[in-house]
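If you're wondering where the values come from, they're calculated on a predicted model, not measured in any experiment. So you know, we letter chains A, B, ... as the sequences are listed, proteins then strands, and number each from 1. Heavy atoms only: backbone and side chains are in, while hydrogens, waters and symmetry mates are out.
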Amino acid sequence: MTEIVQEDRAKKVAALREAGVDPYPARGVEAVPVGEVLMGAGTAEEPGALVGESVVLAGRLVGMRDFGKLIFAPVMDRTGRMQVGLQKGRLSEWWPQRKSLDAGDLVAVRGELGFTQKGEPTVWAEEITLLAKAVAAPPEKWHGLTDKEARYRRRYVDLWASPEVMEVFRQRSQILSSIRKFLEARGYLEVETPTLHPIMGGATARPFVTHHNALDSDLYLRVAPELYLKRLIVGGMERVFEIARNFRNEGLSLRHNPEFTMLELYQAQADYTHMMEITESMLSSLAQELHGTTKVEWRGKTFDLKAPFQRVSYIEAFREANQCEFDDEAAVRARAKELGVKDHGDYWKLMNDVFEETVEKDLIGPLFLCDYPVQICPLAKRSPEDPRLAERFEIFVDGIELGNAFTELNDPQDQFERFEAQVASKDPESPAEVDVDYVQALEFGMPPTGGLGIGIDRLVMLLTGQDSIRDVLLFPAMRRIASQDDDASEENA
RNA sequence: GGGUGCGUAGCUCAGUCGGUAGAGCAACUGGCUUUUAACCAGUAGGUCCCAGGUUCGACCCCUGGCGCACUCACCA
């Protein structure tokens, strides 16, 4: 038993066992969802079909209002919350046991559906069964859980104590379901590719490293599924998507969690303009399905996700904000110095840092930032119109990147050289070796392909109006608390 | 990693120019058959985050640590 157990409740568990009542029975109860019972109740003036019938509810007892020979107790399940009335007259045999019940307990109730004098739909209990005793006390009934740490660490309490939190995660589920339907309707196959990668790739980010004992080799938790998904395009699957958990060994923030969910999709015979169309169409239909409108409120602003989104040229935005060309090295270096942007050695990284400093936060959108310098796009195809640029776009809303897409590079020679350049950079965020197998896949021929990645957590933030990524993750990353560390060291000893 | 703020009863929060702490809810006892955060009377509940220091005396002041939130840096 842990320190959160309430002594009085633990005593009740013992007393119940003594009395031959199992406080944790093995079987649940077939019950009618509360939402359905409420539908069938109608109102006191216009009673519904279920009124007068016997119904069974199962859920959490979230309160107890005791009048001596009558107790009102709201019961909650996933579909809603309604009142149960416990009357001495209808429950004479059980009545002496009533003190063994507490707010927070899980119960089943069978009784007649009716109304109170105030017109509240109520199940007048004829039988009440304890399904599981809560030996820990529920949070304060009026304020609920407000401490953010407690809410994140004890999401299992927060979910039922805070209906608006449950609603965010219900919407998250709906969004994922809608995405799947949307892509399946367009002929996409959902696939699963490895999470353990022998070579890092698909994005520049610091990886988590782990070790496979039997193979005696280090493996990386994936930072992106990209290179595997494109192998599937070579394999002829032609339209694939994965809702992938990615892992990046970097800082936490309102918009960053070390593990996060990314939708990646690839389509043969397509390019980045098709990806723009998919993005616009998907985001607007998601908003429409969720809210009945393409307008969403986020971070104190209103955004309209109606297609088409604005297109902004990377190099033009760069020129406008910095009064110089992106490839005018001397001018850009001078500008970087002026802005106090640190030089990490690589010109193109510096150029992009200048861009991010001067342009990115002002990209309110929703908009597509298009056509990036090819040097910062190791997996994107060069633009046929301007060889300095790659066919790539990122989606921005309120200065925050929601997604990234390109016309995929399918020239194995070009890809090999760009990988070599990455390896030569010795950047800890770049792979240490060329992914030869991936180049070989391209050598077998990858059709012209468009690819798109969308950060699902950020998308859910946008669509549900949440400011923090932690509020759209059921169990956001948290530091281990000291007592857990102690437990772990004991186990390891 | 840097900066700012916070950490007091199971929960939500007060509080003290430095003299060992209080409310509401939850719990317990009693009363009440129509409440909606029910109500009324009573009881119990605290390593005031941890460790040092200053002091006759620290929940309060100082130093260090831990945790969380916000923020900056890196990144999506």
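The 5' end of RNA chain B is approached more closely, in terms of each residue's nearest nucleotide, by Phe115(A) than by the other of Phe115(A) and Glu356(A). Along RNA chain B, the nucleotide closest to Glu250(A) and the one closest to Tyr152(A) are compared, and the more 5′ of them pairs with Tyr152(A).
At a threshold of 4.0 angstrom between heavy atoms, the contacts of Ile400(A) with the nucleic acid are absent. In this structure, Glu7(A) reaches neither bases nor backbone, as no heavy-atom distance under 4.0 Å exists between it and the strands shown. Residue-level contact check: Lys11(A) touches neither bases nor backbone, having no heavy atom under 4.0 Å from any strand. Residue Asn257(A) is in base contact, counting any heavy-atom pair closer than 4.0 Å across all strands shown.
Separation of the Phe406(A) and Tyr272(A) ring centroids does not fall under the 6.0 Å cut-off.
Considering only heavy atoms from C-beta on, Tyr152(A) stays 4.5 Å or farther from Leu145(A) through its side chain. In this structure the side chain of Leu57(A) reaches within 4.5 angstrom of the side chain of Val84(A), judged on heavy atoms.
A donor-acceptor contact under 3.5 angstrom links the side chains of Glu394(A) and Tyr372(A), judged on distance only. For the residue pair Tyr266(A) / Glu264(A), a side-chain donor-acceptor distance below 3.5 Å is found, with atom types taken as modelled. With 3.5 Å as the limit, one finds a donor-acceptor pair spanning the side chains of Thr358(A) and Asn322(A).
Across the P atoms, rC48(B) and rG42(B) are found 28 Å apart, a figure rounded to whole Å. rU20(B) and rC13(B) have their P atoms separated by 26 Å, given to the nearest Å. To the nearest whole angstrom, the two P atoms, one in rG24(B) and one in rU34(B), are 25 Å apart. A gap of 42 Å separates the P atoms of rC25(B) and rG64(B), to the nearest Å. With P as the reference atom, rC17(B) and rU4(B) are 25 Å apart, rounded to whole Å. When the P atom is used for both rA23(B) and rU43(B), the distance is 11 Å, rounded to whole Å. Separation of the C1' atoms belonging to rC28(B) and rA9(B) is 15 Å when rounded to the nearest angstrom. Between the P atoms of rG65(B) and rC70(B), the separation comes to 22 Å (whole Å).
For Thr116(A), the side-chain hydrogen bond (donor to acceptor under 3.5 Å, both in side chains) test picks out no residue, with sequence neighbours left out. Tyr314(A) is linked by a side-chain hydrogen bond (donor to acceptor under 3.5 Å, both in side chains) to Asn352(A), counting only residues two or more places apart in sequence or in another chain.
Ring orientation note: the planes of Phe72(A) and Phe67(A) are nearly perpendicular, at an angle over 60° on the 30°/60° scale. Using bins of under 30°, 30° to 60° and over 60° for the plane-to-plane angle, the ring pair Tyr228(A)/His197(A) lands in the tilted bin.
Here the P atom of nucleotide rC75(B) and the CD1 atom of Ile469(A) are 16 Å apart, to the nearest Å. Asp353(A) places its CG atom 16 Å from the C1' atom of rC72(B), with the value rounded to the nearest Å. When the C1' atom of rA37(B) is taken as reference, atom CD of Gln83(A) falls 13 Å away, rounded to whole Å. Residue Met82(A) contributes atom CE, which lies 19 Å from atom P of rU34(B) at whole-angstrom precision. Spacing between atom NE2 of His256(A) and atom P of rG1(B) amounts to 18 Å, rounded to whole angstrom units.
Across all strands shown, rA14(B) forms no Watson-Crick or G-U wobble pair with both key distances under 3.5 Å. Pairing for rA26(B) is absent, with no Watson-Crick or G-U wobble pair whose two atom distances lie under 3.5 Å. Pairing of rA21(B), defined by two Watson-Crick or G-U wobble distances under 3.5 Å, is not identified with any nucleotide. If you check rC68(B) for Watson-Crick or wobble pairing at under 3.5 angstrom, you find it paired to rG5(B). With a cut-off of 3.5 Å on both pairing distances, the Watson-Crick or G-U wobble partner of rC61(B) is rG53(B). Pairing for rU36(B) is absent, judged as Watson-Crick or G-U wobble with the two contacts each under 3.5 Å.
Under 4.0 Å is where a charged nitrogen must lie from a carboxylate oxygen, and between Arg245(A) and Glu259(A) at least one such pair does.
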> Which letters describe nucleotides 22-30 of chain B, given B = protein heavy atom under 4.0 Å from base, S = only from sugar-phosphate, - = neither?
Replying inline: --BBSSS--
Expected rows: protein N/O vs nucleotides 42-44 of chain B N/O, under 3.5 Å:
none

Please produce a list of atom pairs where a protein N or O lies less than 3.5 Å from an N or O of nucleotides 31-33 of chain B.
| residue | atom | partner | partner atom | Å |
| --- | --- | --- | --- | --- |
| rC32(B) | N3 | Asp66(A) | O | 3.4 |
| rC32(B) | N4 | Gly68(A) | N | 3.3 |
| rU33(B) | OP2 | Phe67(A) | O | 3.4 |
| rU33(B) | OP2 | Lys69(A) | N | 3.4 |

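A glycosidic torsion no more than 90° from 0 defines the syn conformation; rU16(B) lies beyond that range and is anti.
Side-chain atoms of Glu149(A) lie closest to rC68(B) of the nucleotides rU36(B), rU12(B), rC68(B). With distances taken from any side-chain atom of Glu120(A) to the nucleotides rU36(B), rC75(B), rU34(B), the minimum falls on rU36(B).
From Thr204(A), atom OG1 reaches atom NZ of Lys349(A) across 8.0 Å, with rounding to the nearest 0.5 Å.
Phosphate contact (OP1/OP2 of rC75(B), side-chain N/O of Lys349(A), threshold under 4.0 Å): present.
Within the structure, the salt bridge (charged side-chain N to carboxylate O under 4.0 Å, His left out) test picks out the following pairs touching residues 154-164 of chain A (sequence neighbours left out): Arg151(A)-Asp158(A), Arg151(A)-Glu164(A), Arg155(A)-Asp158(A).
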